[in-house]
Undergrad: 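Below is one structure. I have some questions about it.
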Amino acid sequence: MRALMPVLLLVACEGDKLTTDTTTTTDTAIVTATDTTTTDTTTTDTTTDTAPTTVGGFQVVGSIIDLASQGAGPAGACIQLLDPSPVIVGNPADVLANAVSDKNGNFVIDDVVTDSKIGLLVAVDDCDNKKSDLHYPTNTGVLPGDYAALGDGDTLKLRSFAITQKFLAGIQGSLVGQVKDIGAAGFVWGFALDNAGTPVSGITVDCSTCTPAPLGYFYVDANPADGLFSEGGKANTATAAAAGGAWMAAGPSLGAYSATDTNKKLTFNDVLVGANPGSAVVIGFFANP
């Protein structure tokens with residue numbers, strides 16, 4: 001798993017607010033052994049022993065990272081581990097497990113079993129019982145290669161991102177009327193990284209196959225005082241390493257995103273990704289070796 005951001009997302013998930021129900025329903029086979037012993041013609045001793053089979057799967061040990069500050073994420077956030085495969089054919093993502101983050105923004109999910117070939121999603125949002133809406137529904141992806149070889153009892157360590165409503169307001173203010181309501185539209189937030197996970201400058205992003213087409217592509221600079229996506233009144237045209245190589249594609253656009261190095265040093269594989277209205281997807285564009 002690469003150091004900076006172990007995320008690469010293939011499809012979007014449902015952006016609905018999560019619930020506080022942290023139970024996962026598992027169909028468990030019950031083995032029943034019945035030993036009947038007749039001691040005489042009038043007395044029968046019947047003993048029934050039931051033992052549930054052990055649930056298999058790997059364990060997820062995760063931490064939530066605040067996207068804006070890169071510090072620890074929220075305590076008491078609701079988390080869903082999702083299989084996004086059904087989204088490809090227009091159905092909701094499958095919920096594999098639920099969890100709630102602890103006071104340090106960490107969480108644990110046990111007994112994960114999945115055959116998803118396109119990756120998983122970690123969805124983070126406020127729980128339904130929260131009195132105020134502090135966070136925007138945010139989904140972070142997990143590479144298939146990160147868990148494909150894991151067996152029963154193995155552990156997958158990962159990080160997922162959280163976007164606060166305050167940071168969402170900062171994004172909206174930086175768009176200067178270019179997108180009327182970025183929260184309602186949804187967006188993909190990405191990072192351009194070399195193969196070691198280090199942010200890189202000069203990367204542009206495009207999605208010619210997206211349906212619908214993105215409302216725009218925006219690149220973050222290291223001076224947010226005059227807006228996240230502009231410098232000196234001029235829109236940024238490519239990623240900046242000093243800003244984490246961050247970029248945004250606005251709108252609920254699903255398709256194969258491509259990244260191009262304007263310095264002609266790095267190459268990237270396309271990524272099939274998209275966000276639903278009212279939610280964000282966070283991805284990493286890792287350069288080829």
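In what follows, every heavy atom counts, from backbone to side chain, and hydrogens, waters and symmetry copies are set aside.
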Undergrad: Check Tyr136, Phe167, Phe285, Trp247 against Trp189 for a ring-ring contact (aromatic ring centres under 6.0 Å, His included) and give me the one that passes.
TA: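 Among the candidates, only Phe167 passes.
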
Undergrad: Quick one: closest heavy-atom pair of Met248 and Ile182, and the distance?
TA: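 Heavy atoms only, the tightest pair is CE-CD1, 4.2 Å.
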
Undergrad: Taking the side chain from Ser160 and the backbone from Ile64, do they hold a donor-acceptor pair closer than 3.5 Å?
TA: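 No: the side chain of Ser160 does not pair with the backbone of Ile64.
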
Undergrad: Going by heavy atoms in the side chains, are Tyr147 and Thr114 under 4.5 Å from each other?
TA: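 Sidechains of Thr114 and Tyr147: in contact.
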
Undergrad: Taking side chain as C-beta onward, heavy atoms only, is Tyr257 less than 4.5 Å from Val188?
TA: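 In contact.
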
Undergrad: Is the shortest side-chain heavy-atom distance between Glu231 and Asn236 below 4.5 Å?
TA: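 Counting from C-beta outward, Glu231 and Asn236 do come under 4.5 Å.
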
Undergrad: Evaluate side chain to side chain contact (heavy atoms under 4.5 Å, CB included) for Gln70 paired with Ile65, printing each intermediate quantity in order.
TA: CA-CA 6 Å; Gln70 295 294 296; Ile65 306 298; 4.3 Å; yes

Undergrad: Is a side-chain donor-acceptor pair under 3.5 Å present for His135 with Asp125?
TA: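 There is no such pair between these side chains.
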
Undergrad: Using 0.5 Å steps for rounding, measure from the CG atom of Leu120 to the OG1 atom of Thr140.
TA: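 Going from the CG atom of Leu120 to the OG1 atom of Thr140 covers 12.0 Å.
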
Undergrad: Is a donor on one side and an acceptor on the other found under 3.5 Å between the side chain of Thr239 and the backbone of Val200?
TA: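 Side chain of Thr239 to backbone of Val200: a pair is present.
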
Undergrad: Between Lys180 (side chain) and Gln178 (backbone), is there a donor-acceptor pair under 3.5 Å?
TA: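 No.
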
Undergrad: So, for Leu121 and Asn139, which heavy atoms are closest and what is the spacing to 0.1 Å?
TA: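 The pair with the smallest heavy-atom distance is CD2-CB, 4.3 Å.
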
Undergrad: Between atom OG1 of Thr138 and atom CZ of Phe161, what is the distance when rounded to the nearest 0.5 Å?
TA: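 Separation between the atoms: 10.5 Å.
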
Undergrad: Please tell me if the side chains of Asp181 and Gln172 come closer than 4.5 Å, counting only heavy atoms from C-beta onward.
TA: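 Result yes, sub-4.5 Å side-chain heavy-atom pair found.
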
Undergrad: State, to 0.1 Å, how close Asp110 and Val108 come at their nearest heavy-atom pair, and which atoms those are.
TA: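 Here Asp110 and Val108 meet closest at OD1-CG1, 3.8 Å.
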
Undergrad: Donor-acceptor pairs under 3.5 angstrom involving side-chain atoms of residues 201-218: please list them, not counting sequence neighbours.
TA:
from: Ser201; atom 1: OG; to: Ala241; atom 2: N; distance (Å): 2.7
from: Thr209; atom 1: OG1; to: Ala256; atom 2: N; distance (Å): 2.9
from: Tyr217; atom 1: OH; to: Cys207; atom 2: N; distance (Å): 2.8

Undergrad: Between Asp146 and Leu158, is a side chain to side chain contact (heavy atoms under 4.5 Å, CB included) present by the stated rule, with each step listed?
TA: CA-CA 9 Å; Asp146 288 340; Leu158 55 81; over 6 Å; no

Undergrad: Between the main-chain N or O of Ser279 and the side-chain N or O of Asn276, is there a donor-acceptor pair closer than 3.5 Å?
TA: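 Not at all, since once roles are kept as given, no pair shorter than 3.5 Å links the two residues.
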
Undergrad: Determine whether a donor-acceptor pair (N or O, by modelled atom type, separation under 3.5 Å) exists between the side chain of Asp66 and the backbone of Gly73.
TA: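 No, because the side chain of Asp66 does not come within donor-acceptor range (under 3.5 Å) of the backbone of Gly73.
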
Undergrad: Could you tell me whether the side chain of Asp261 reaches within less than 4.5 Å of the side chain of Thr267, counting heavy atoms only?
TA: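 SC-SC contact between Thr267 and Asp261 ruled out.
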
Undergrad: Hey, does Leu96 have a side-chain heavy atom less than 4.5 Å from the side chain of Leu82?
TA: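 A side-chain contact is absent here, since even the closest heavy-atom pair is not under 4.5 Å.
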
Undergrad: Is it true that a side-chain atom of Asp152 and a backbone atom of Gly57 form a donor plus acceptor pair closer than 3.5 Å?
TA: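 Checked: pair present.
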
Undergrad: Walk me through it: do Val273 and Leu254 pass the test side chain to side chain contact (heavy atoms under 4.5 Å, CB included)?
TA: CA-CA 6 Å; Val273 64; Leu254 174 63; 5.8 Å; no

Undergrad: Supply the atom-to-atom distance Leu168 CG to Leu134 CG, rounded to the nearest 0.5 angstrom.
TA: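 Between atom CG of Leu168 and atom CG of Leu134 there are 12.5 Å.
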
Undergrad: How close do Ser116 and Asp83 get, counting heavy atoms only, and between which atoms?
TA: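 Looking at all heavy atoms of both residues, the closest pair is OG-OD1, 3.2 Å.
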
Undergrad: Do Lys117 and Pro144 make a side-chain contact, defined as non-hydrogen atoms from C-beta onward lying under 4.5 Å apart?
TA: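 Contact flag for Lys117/Pro144 side chains = no.
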
Undergrad: Assess, by modelled atom type and distance only, whether the side chains of Asp133 and Gln165 contain a donor and an acceptor separated by less than 3.5 Å.
TA: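 Side-chain D/A pair, Asp133 to Gln165: present.
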
Undergrad: Sequence neighbours left out, cut at 3.5 Å: what donor-acceptor pairs do the side chains of residues 99-107 make with other protein atoms?
TA:
from: Ser101; atom 1: OG; to: Pro74; atom 2: O; distance (Å): 2.7
from: Ser101; atom 1: OG; to: Gly76; atom 2: N; distance (Å): 3.1
from: Ser101; atom 1: OG; to: Ala77; atom 2: N; distance (Å): 2.9
from: Asp102; atom 1: OD1; to: Asn104; atom 2: N; distance (Å): 2.8
from: Asp102; atom 1: OD1; to: Gly105; atom 2: N; distance (Å): 3.1
from: Asp102; atom 1: OD1; to: Asn106; atom 2: N; distance (Å): 2.9

Undergrad: Is the side chain of Ser174 donor-acceptor paired with the backbone N or O of Leu228 at a distance under 3.5 Å, no angle test?
TA: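 Judged by distance alone, yes, a pair lies under 3.5 Å.
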
Undergrad: Please report the interatomic distance CG(Asn98) to SG(Cys78), rounded to the nearest 0.5 Å.
TA: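 Asn98 atom CG to Cys78 atom SG measures 7.5 Å (nearest 0.5 Å).
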
Undergrad: Just verifying a value: how many Å separate Leu150 CG and Phe58 CZ, rounded to the nearest 0.5 Å?
TA: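 If we round to the nearest 0.5 Å, Leu150:CG and Phe58:CZ are 5.5 Å apart.
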
Undergrad: State, to 0.1 Å, how close Pro86 and Asp94 come at their nearest heavy-atom pair, and which atoms those are.
TA: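 Scanning both residues completely, I find the closest heavy atoms to be CG-OD2, 3.6 Å.
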
Undergrad: Output yes when a side-chain donor or acceptor of Ser253 lies under 3.5 Å from a complementary backbone atom of Ala249, and no otherwise.
TA: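 Pair absent, no side-chain N/O of Ser253 close to backbone of Ala249.
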
Undergrad: For residues Asn195 and Asn288, is any side-chain donor paired with an opposing acceptor at under 3.5 Å?
TA: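 No, no side-chain donor-acceptor contact under 3.5 Å.
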
Undergrad: What's the verdict on side chain to side chain contact (heavy atoms under 4.5 Å, CB included) for Leu156 and Val61, showing C-alpha distance, side-chain angles and the deciding distance?
TA: CA-CA 6 Å; Leu156 172 65; Val61 176; over 6 Å; no

Undergrad: If you take all heavy atoms of Phe187 and Ile171, which pair is closest and at what distance?
TA: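 Between these two residues, the closest heavy atoms are CZ-CD1, 4.1 Å.
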
